[in-house]
Amino acid sequence: MPVPDPSDDPLSRERAHLTHSRAALRSMREDVESLDIRDVTANWVNAEVLSRQIEERVKALADLSHTPLFFGRLDYLHSPGADQAEGAEGERFYIGRRHVHDADGDPMVIDWRAPVSQPFYRASKKNPLDIALRRRFGYTGGDLTAYEDEHLSDPADSAGDAATSKLLQQEIERPRVGPMRDIVATIQPEQDEIVRSGLGGSVCVQGGPGTGKTAVGLHRVAYLLYAHRDRLARTGTLVIGPNASFLHYIEQVLPALGELEVKQATVDDLVAHVEVRGTDEAPAAVIKGDARMAEVLRRAVRSHVTMPVEPVMVVRGSRRWRVPAYELEVIVRELLDRDIRYGAAREALPQRIAHAVLVQMERSGEAPDDRVQDAVARNTAVKAAVKSLWPPVEPAKLVLRLLSDADFLATHAEGLLTEDEQKTILWARPVRSVKSAKWAAADAVLIDEATDLVQRTHSLGHVVLDEAQDLSPMQYRAVGRRCTTGSATVLGDLAQGTTPWATRSWEEALTHLGKGDAVVEELTAGFRVPTDVITYASRLLPHIAPGLTPVASVRENPGFFEVRPATADSGDTAATMATEVVAACEELLRNEGSVGLIAADARVPLLAEALAAAGLPHLGPGEETTLTTRLTLVPASLAKGLEYDYVVLDEPRAVVDGEPDERTGLRRLYVSLTRAVSGLIVTHAAPLPPQLAEGAGVL
């Protein structure tokens, strides 16, 4: 029997292309590393900047051995952009995470963000977009192991539709071990439309659990950096998440796509003007987070301005120039009417007074220039007048006075806050200084608002705000200040709002953000949560977010789901349940992938002791799993945004009871139920919440 020619094997040819592409990428990186900049830099500053740019470029060209260099191929019927005349020859493009070219500059891999790559995500049998064949590749680690073809332009071939692609399903259902990964190989058409929407407009994405809204937001950043790199390099981009654990979980997505410069932060990081050492009761936090506080602060800041009662006398040489009080009042009122920031108006005031003096000089026959006006503005009498009429304001001291001085608060909250609301946010004891105050998180947001009233906050080119449904109106304003001249991508799920001030509608939230014209998109196709799990969790939707469309899972694997009531008759129910929870974790750890044990915050110490006693090592939220430690113990309050292959949910009733009200508790439970990718076990001794109890059991 003749030996088969490897060139006749499509998989061998694709593997050869992968090998050549990796070699080309290595050559690209070596070319950058070999650059000699000694003769092209004028000084050490330029050399330092250029060296850093080269270093970042080398990092961006890293070949990640466990990450496929390309994941798809497009065979065009005609050359893109060319006249599609009969007989025109098409082209073939390999689609990957970054551009790779050979020594002649010919592309071997096309960046997934390039226009020519778009049909990989959008083409269909109904609208093939001039694509003859779309090929998807399967990998094990970094090794190419399979491929699957879709003949989009062949009416006789009805197989290979993207919705039923086996490789696509395998990639979606691949076990989650370690931090969040990119979805660049599995982006769906409705997701791609959001990812590639323009930089000029803001987008709000409402998406239930597992619809990929976080991944869509991150890939949108990567796309915008590709399409508008120069502009965003100047203005900057920022990803805002709910907590440090969440940011740690997602931090590798953008670097895997070659984007290394995107900063990440929480809202608390943005407003860290003071050290937060205290906490608020929910009623106080709700009022402090109310948008009415913005007007209270504006009034308090402007109250420092006083009207003049005396003239300003400027002495220059042998001459004296007098600006009367009524003229000073006109200047002050004009600045107030302009409603510009307090600090900017304060800087303009001495120049306005100096200009009034220059007018008098010109009337007397002198010819002063700009240098004279600047000198007059620095005159001691003018400085004294500015200090008296428009004194400096320290934002933290201003907020300190509002929260500790009942009369000051009442004056500026009149008609905005009721007397009871004012009493709710006033501190019980007077505080002497900013440093000694036990500031709460909501206080820091107020200080940030006051700071912006005094001096404009720097605006970025684009901001991604994830888990936005939990922000207060004042927090939305704080984020909005960071993108006043840029755009935003807002991601969230109204059903997962678990704060007392949770968002009631996206229209209202976007108004507070300053992006009232943002387009609201809804994702309803679920790619992460198995069908049986999301169906069970969706029983809560009528009680927590009536009107929202339930997520419809597109996964072929229904997943593993079981509700396990306590089976023992032991009097020590807590110990019995801890034992059963540990047993469930041990059972799930026999499978490949990560396991999350989610419990009400108050029950976490008990479960941690039970795991330790059973010899089961575990991690905390956001810590990276390893081959030997795949179990994470997650307080329910930190579960949002995280995902695990398998989840054990301990005592749903305790999760609900751990919140200040039932609706918030049910939302927390909804979040906890929807963290599983492959399977969920619910263990309980207490009765299930009635919203879940009907029909509960093994599905």
Side-chain angles (χ1 to χ4, degrees), residues 175-180 209 241-251 467 496 498 528-529 533 537 560-564 566 572-659 665 667-686:
R176 264 67 170 169
V177 177
M180 182 180 180
N243 52 57
S245 296
F246 178 84
L247 292 178
H248 180 70
Y249 176 64
I250 68 171
E251 67 183 356
E467 300 295 348
Q496 297 186 58
T498 52
R528 174 172 56 80
V529 186
V533 174
F560 170 76
F561 174 58
E562 186 176 350
V563 176
R564 295 181 180 176
D572 189 353
T573 305
T576 300
M577 280 308 302
T579 300
E580 297 201 6
V581 167
V582 169
C585 291
E586 290 175 329
E587 176 183 334
L588 294 179
L589 283 169
R590 299 188 191 109
N591 302 306
E592 180 186 3
S594 57
V595 177
L597 169 55
I598 303 177
D601 292 30
R603 290 180 56 81
V604 167
L606 170 67
L607 295 175
E609 291 180 6
L611 292 173
L616 279 183
H618 65 275
L619 306 167
E623 295 181 347
E624 188 170 345
T625 57
T626 66
L627 293 176
T628 56
T629 308
R630 296 182 288 119
L631 174 64
T632 304
L633 177 56
V634 187
S637 62
L638 296 180
K640 192 171 299 178
L642 304 179
E643 62 180 31
Y644 303 92
D645 281 292
Y646 297 91
V647 167
V648 177
L649 175 58
D650 167 74
E651 287 293 2
R653 183 77 256 175
V655 173
V656 176
D657 292 343
E659 300 299 327
R667 288 183 168 186
R668 184 77 72 190
L669 177 58
Y670 180 73
V671 171
S672 301
L673 284 167
T674 54
R675 301 303 96 198
V677 175
S678 299
L680 169 67
I681 297 176
V682 177
T683 61
H684 70 99

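Index from 1, following the sequence.
In terms of modelled atom types and a separation under 3.5 Å, the side chain of Glu651 and the main chain of Ala685 share a donor-acceptor contact. The closest donor-acceptor contact from the side chain of Lys640 to the backbone of Glu467 lies at 3.5 Å or more, if one exists at all. Proximity of a side-chain donor or acceptor of Arg630 to a complementary backbone N or O of Gly593 within less than 3.5 Å is detected. In this structure, the side chain of Thr674 does not engage the main chain of Pro209 through any donor-acceptor pair within 3.5 Å.
What you find for Val582 and Ala614 is that their closest heavy atoms are CG1-CB, 3.6 Å. Taking every heavy atom of both residues into account, Arg603 and Ala654 meet most closely at CD-CB, 3.8 Å. Of all the heavy atoms in Val581 and Val648, the pair that sits closest is CG1-CG1, 4.2 Å. Here the closest heavy-atom approach between residue Leu616 and residue Cys585 is recorded as CD1-CB, 4.3 Å. The heavy-atom pair separating Pro621 from Ser245 by the smallest distance is O-OG, 3.2 Å. The shortest heavy-atom contact between Val671 and Ala639 is CG1-C, 4.2 Å.
Between atom CG of residue Leu631 and atom OH of residue Tyr644 there is a gap of 9.5 Å, rounded to the nearest 0.5 Å. Here OG1 of Thr498 is found 8.5 Å from CZ of Arg667. Values are rounded to the nearest 0.5 Å. Here the straight-line distance linking atom CG of Leu607 with atom CG of Asp650 works out to 5.0 Å at 0.5 Å rounding. Of the inter-residue distances, the one linking Ile681 atom CD1 with Tyr646 atom OH reads 10.0 Å to the nearest 0.5 angstrom.
Side-chain contact between Leu673 and Val682: present, with at least one pair of heavy atoms (C-beta onward) separated by less than 4.5 Å. With a 4.5 Å cut-off on side-chain heavy atoms, Val529 and Leu680 do not count as touching. For the pair Asp645/Glu592, no side-chain contact is recorded, criterion being any heavy-atom separation below 4.5 Å from C-beta on. In this structure the side chain of Leu611 reaches within 4.5 angstrom of the side chain of Leu597, judged on heavy atoms.
For the side-chain contact (heavy atoms from CB on, under 4.5 Å) test, residues two or more places apart in sequence or in another chain that qualify with Leu619 are Glu623, Thr625, Thr629, Thr632. For Glu586, there are no salt bridge (charged side-chain N to carboxylate O under 4.0 Å, His left out) partners at least two apart in sequence or on another chain. For Asp601, there are no salt bridge (charged side-chain N to carboxylate O under 4.0 Å, His left out) partners, not counting sequence neighbours. Residues passing the side-chain contact (heavy atoms from CB on, under 4.5 Å) test with Val604 are Leu633, Pro635, sequence neighbours excluded. Listed by chain and number, the residues in a side-chain contact (heavy atoms from CB on, under 4.5 Å) with Glu609 amount to none (sequence neighbours excluded). The salt bridge (charged side-chain N to carboxylate O under 4.0 Å, His left out) search around Arg668 returns Glu659, not counting sequence neighbours.
Under the 4.0 Å criterion applied to side-chain N and carboxylate O atoms, Arg564 and Glu580 are not assigned as salt-bridge partners.
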